[in-house]
Trainee: 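Please read through the structure below; I'll follow up with questions.
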Amino acid sequence: MLNITDTNKFGKVIGGALAKVEQTVTDAKTKARWINAIAKAAVEIEENGVFMTWMDEDQSLLIWSQKSNHIYSANGVCQCRAFEQNAPCFHRAAARLVRLYIEAENTPVKTHTQEVLDVPYLKNNAYTKAERVGGIRIN
Ligand SMILES: [Zn+2]
């Protein structure tokens with residue numbers, strides 16, 4: 001089963017996916033279909049995540065559809081009717097959302113402020129004003 005623990009992070013992933021469709025899909029009908037697929041995927045993951053399993057080996061999402069009693073294995077491809085017709089489906093959208101979410105979870109969050117505080121030579125020093133660094137004039 002899927003376990004989305006960080007809903008903030010997942011929300012950002014969904015927002016990013018919608019933005020990407022907005023920026024990259026030019027055909028209005030296809031765009032609307034992908035936006036629907038992403039929205040449905042978000043709802044399905046939240047409500048039916050228990051029927052989904054992320055497969056790390058081939059980066060795919062297994063989705064058991066209770067409606068059709070089929071199991072779909074989605075990454076870039078899918079086995080559903082929509083995919084056969086070359087149309088966006090929520091299975092693929094869900095697989096992408098889950099992959100991006102897992103990637104985001106595995107990337108430590110670093111804020112700009114923390115980075116600056118960790119690097120001593122970037123700290124403001126009220127007492128000295130560096131004019132030269134290793135013989136190079138910097139101001
Ligand atoms: Zn599908």
Side-chain angles (χ1 to χ4, degrees):
M1 68 171 272
L2 270 188
N3 200 2
I4 304 289
T5 48
D6 190 339
T7 47
N8 273 344
K9 198 164 265 179
F10 191 57
K12 278 185 193 147
V13 166
I14 296 166
L18 291 171
K20 182 140 194 256
V21 169
E22 197 60 52
Q23 288 159 10
T24 58
V25 182
T26 44
D27 177 62
K29 205 171 157 188
T30 311
K31 185 184 277 188
R33 281 181 162 189
W34 270 123
I35 288 168
N36 280 341
I38 291 166
K40 181 160 190 219
V43 172
E44 288 286 331
I45 288 167
E46 203 185 329
E47 292 179 355
N48 296 316
V50 68
F51 301 111
M52 299 177 187
T53 305
W54 177 250
M55 306 299 283
D56 219 21
E57 313 86 73
D58 61 353
Q59 303 276 293
S60 69
L61 185 67
L62 290 183
I63 302 167
W64 174 34
S65 165
Q66 301 129 90
K67 213 157 105 187
S68 67
N69 202 28
H70 278 117
I71 294 173
Y72 301 106
S73 165
N75 43 33
V77 295
C78 194
Q79 301 80 43
C80 71
R81 206 172 294 171
F83 181 74
E84 259 173 41
Q85 290 162 3
N86 209 15
C89 65
F90 91 84
H91 312 111
R92 282 189 293 157
R96 187 164 186 277
L97 291 180
V98 172
R99 179 172 60 79
L100 293 174
Y101 172 77
I102 289 170
E103 281 172 9
E105 267 211 318
N106 294 334
T107 310
V109 181
K110 244 190 186 179
T111 67
H112 182 65
T113 321
Q114 277 170 342
E115 274 170 23
V116 170
L117 290 176
D118 289 346
V119 182
Y121 54 79
L122 289 180
K123 280 186 185 172
N124 282 329
N125 191 322
Y127 302 105
T128 58
K129 197 178 169 200
E131 302 281 343
R132 303 173 82 86
V133 173
I136 299 161
R137 191 176 174 84
I138 57 166
N139 64 0

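Atoms within a ligand are numbered from 1 in the order they appear, just like the ligands themselves. Computed from heavy atoms alone, side chains included, the values below leave out hydrogens, waters and symmetry copies.
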Trainee: Which residue, E105, E103, R99, forms the side chain to side chain donor-acceptor pair (under 3.5 Å) with Y101?
Mentor: E105
Trainee: Looking at residues at least two apart in the chain, or sitting in another chain, which of them share a ring-ring contact (aromatic ring centres under 6.0 Å, His included) with W54?
Mentor: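 Checked W54 against ring-ring contact (aromatic ring centres under 6.0 Å, His included); zero matches.
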Trainee: Sorted by chain and residue number, which protein N/O/S atoms are under 2.8 Å from the Zn ion (ligand 1)?
Mentor: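 Sorted hits: C78 SG, C80 SG, C89 SG, H91 ND1.
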Trainee: Given side chains that start at C-beta, do those of N48 and Q66 come closer than 4.5 Å, heavy atoms only?
Mentor: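 The answer is yes, as the side chains (C-beta and beyond) meet within the 4.5 Å cut-off.
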Trainee: Sort and list the pairs that fulfil side-chain hydrogen bond (donor to acceptor under 3.5 Å, both in side chains) and have at least one residue in residues 14-32, not counting sequence neighbours.
Mentor: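 Sorted pair list: E22-K31, D27-T30.
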Trainee: Output all residues satisfying ring-ring contact (aromatic ring centres under 6.0 Å, His included) with Y72, sequence neighbours left out; order by chain, then residue number.
Mentor: H70, H91
Trainee: Please tell me whether F83 and I63 are part of a single hydrophobic cluster in this structure, the criterion being side-chain heavy atoms less than 4.5 Å apart.
Mentor: no
